[in-house]
Amino acid sequence: MAEQQSRSSRIRGTGRRRKAPEPTSRPRALTVTAWAAAGVVLLGGTGLGYVYFQLNGNLKGVDINTQLGGDRPDDVDNGSMDILVLGSDSRSGDNAKYGEDEGGARSDTAMVMHVYEGRKKASVVSIPRDTLIERPACASDSGGAAVPGGKHQMFNTAYQVGGPACAVKTVEKMSGIRMDHYVEVDFTGFKKLIDDLGGVEITTNRAIDDGKSHLHLKPGTHTLDGEQSLGLVRTRKSVGDGSDLGRIQLQQAFMKALIDQVKDVGVFTNPKKLYDLADSATKSVTTDSDLASVKELTGFAGGLKGIGAGDMKMVTLPVQYDPADPNRVLPLQRQSRQVWDALRRDRPVPASATKDSAGDKGSAGKVVASR
């Protein structure tokens, strides 16, 4: 048992994959996952070990491995790592001001972050929340009867009906790739982290005036606080074609701006900022149980901190608008398979996979530039 625990710690610290175990055992919601992956990078640079005992109790973990058991894709040991990053849009508690609490949270945005062997580069695949997919049967997140699967289900309902484990199961069914880790961030945590960071500097190439997200910016350079940053990643009506695909482009631009600035926040020369960032970060994330301690999360994130914005290719899952409902999108099956096959083989996503996708068109991503 001691040998097994030692091996588990070694794997988590380096991010190397484990062999697969034997099979025994709403349109107005937030999308913050764009920065959740950047939050992983942030954690890697904040020296959490110095305040281990104060911060360890902040973390929340979900035992996804136990919940899903052995009915998962093989865990191929090729040195890469795959992380499902979600933004939760629960409207309860401090998040109530962003809309009515409808009795459950949804994964407002999801990203699969694939870290290539060597930990020098990564690809991020955004999955539009309104994508119609085949959702597998899942255990209920409330502990009730199992929730049956079904075809033509919106992607973000997986989290709503079955929580993190169902979200992971759905992504694994779509991609054929086993998720090594899970990271989730919510509204309030997102705002607090940006404020503790000192804001994020972005440049708008044209005005943004969005009453839904309460964001009003003139063209020019701005340092966005937490509330404004939240508004930016929720904005869609005033950019691009007004769809969720345009909002994803905004999120990806914001994430690059955030990653570019994380290394310049001066945390090592400012102990208070160091603690505030670490405290907010550990309170704001929910992870899989393997990462739910400061020690494991720091070791995991430390292996990612060398990946800058220029080392990260961001794409949107290839989709087309649903002819029956323009508010929904359908995966382009051949191109989507190209994306997932490339990641499974630890190779770059080919440009041909996204060139005909609705998510690769539009101008929303050009509205915001990092410094």
Side-chain angles (χ1 to χ4, degrees), residues 11 15-21 23 33-34 37 64-65 68 70-86 107 109-136 149 151-156 158 166-183 245 248-249 252 255 288 304 307 311-322 329-361:
I11 290 169
R16 288 192 61 80
R17 290 177 172 266
R18 293 169 291 200
K19 294 291 185 181
T33 13
I64 290 172
N65 289 333
L68 296 187
D71 184 20
R72 305 179 68 181
D74 291 339
D75 196 356
V76 181
D77 188 6
N78 63 4
S80 67
M81 179 169 54
D82 295 282
I83 310 147
L84 176 59
V85 188
L86 292 187
S107 57
T109 298
M111 292 183 173
V112 173
M113 181 177 180
H114 177 86
V115 182
Y116 292 94
E117 182 180 16
R119 308 294 181 265
K120 301 298 183 183
K121 293 184 179 295
S123 286
V124 176
V125 180
S126 297
I127 304 175
R129 65 185 184 182
D130 295 334
T131 306
L132 297 179
I133 50 92
E134 182 177 352
R135 192 185 68 220
K151 296 183 178 181
H152 304 295
Q153 303 293 308
M154 281 177 56
F155 172 81
N156 69 344
C166 189
V168 170
K169 187 174 183 178
T170 300
V171 170
E172 291 185 343
K173 180 176 179 59
M174 291 173 61
S175 66
I177 300 171
R178 186 185 179 104
M179 296 296 108
D180 297 292
H181 292 298
Y182 171 84
V183 178
L245 298 178
I248 287 174
Q249 291 180 331
Q252 291 173 344
M255 181 176 173
D288 60 274
L304 305 181
I307 300 174
D311 306 313
M312 188 175 292
K313 179 176 178 58
M314 299 183 186
V315 302
T316 301
L317 184 72
V319 294
Q320 64 179 2
Y321 287 106
D322 182 3
V329 294
L330 300 169
L332 294 170
Q333 296 299 332
R334 181 180 60 82
Q335 293 94 323
S336 294
R337 185 50 49 200
Q338 281 185 279
V339 171
W340 300 129
D341 285 349
L343 299 191
R344 188 182 308 105
R345 292 152 53 199
D346 200 35
R347 295 182 181 177
V349 175
S352 60
T354 59
K355 71 180 183 70
D356 294 326
S357 170
D360 198 42
K361 300 173 183 176

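These numbers come from a predicted model, not from an experiment.
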What's the spacing between Q333 CD and Q320 CD if we round to 0.5 Å?
9.5 Å

Donor-acceptor check, side chain of R347 to backbone of D341, threshold 3.5 angstrom: yes or no?
no

Say whether, by atom type as modelled, one donor and one acceptor occur between the side chain of Q153 and the main chain of K151 under 3.5 angstrom.
yes

Closest heavy-atom pair and its distance - R344, S175
NH2-O, 2.7 Å

For the residue pair D180 and S80, what are the closest heavy atoms and their distance?
OD2-O, 4.3 Å

Please round to the nearest 0.5 Å and tell me the distance separating atom CZ of R345 and atom CG of N78.
11.5 Å

Name all residues meeting the side-chain hydrogen bond (donor to acceptor under 3.5 Å, both in side chains) criterion together with Q335; count only those two or more places apart in sequence or in a different chain, and write none if there are none.
none

Identified side chain to side chain contact (heavy atoms under 4.5 Å, CB included) partner of I248 from the options V315, I127, T316, L317
T316

Spatial distance of atom CG (L330) from atom CG (L132) [nearest 0.5 Å]
5.5 Å

To check you understand the geometry: which heavy-atom pair defines the closest contact between Q249 and G359, and what is its length?
NE2-O, 3.5 Å

Between the NE2 atom in H152 and the CD atom in E134, the distance rounded to the nearest 0.5 Å is 9.0 Å

Are any side-chain N or O atoms of T354 and backbone N or O atoms of P318, one a donor and one an acceptor, separated by less than 3.5 Å?
no

Could you walk me through whether V124 and V85 satisfy the side-chain contact (heavy atoms from CB on, under 4.5 Å) test, starting with their C-alpha distance in whole Å, then the side-chain angles of each, then the deciding distance to 0.1 Å, before giving a yes or no?
CA-CA 10 Å; V124 176; V85 188; over 6 Å; no

For R72, the side-chain hydrogen bond (donor to acceptor under 3.5 Å, both in side chains) test, sequence neighbours excluded, returns N65, E172

Of all residues at least two apart in sequence or in a different chain, which pass the side-chain hydrogen bond (donor to acceptor under 3.5 Å, both in side chains) check with S123?
Y116

Tell me whether D288 contacts the main-chain N or O of Y182 through its side chain, where contact means a donor paired with an acceptor under 3.5 Å.
yes

Among D77, D75, D74, D71, salt bridge (charged side-chain N to carboxylate O under 4.0 Å, His left out) partner for R178:
D75

Rounded to the nearest 0.5 Å, what's the gap from CG on L343 to CD1 on I177? Could you check?
5.0 Å

Rounded to the nearest 0.5 Å, what separation is found between the CE atom of M81 and the CZ atom of R119?
4.5 Å

Non-hydrogen atoms of I307 and M312 that approach each other most closely
CG2-CE, 4.0 Å

Specify the closest pair of heavy atoms between Q338 and P350, including all atoms of both residues, with the distance to one decimal.
NE2-CG, 4.1 Å

I133 versus F155, closest heavy-atom pair with distance
CG1-CA, 3.9 Å

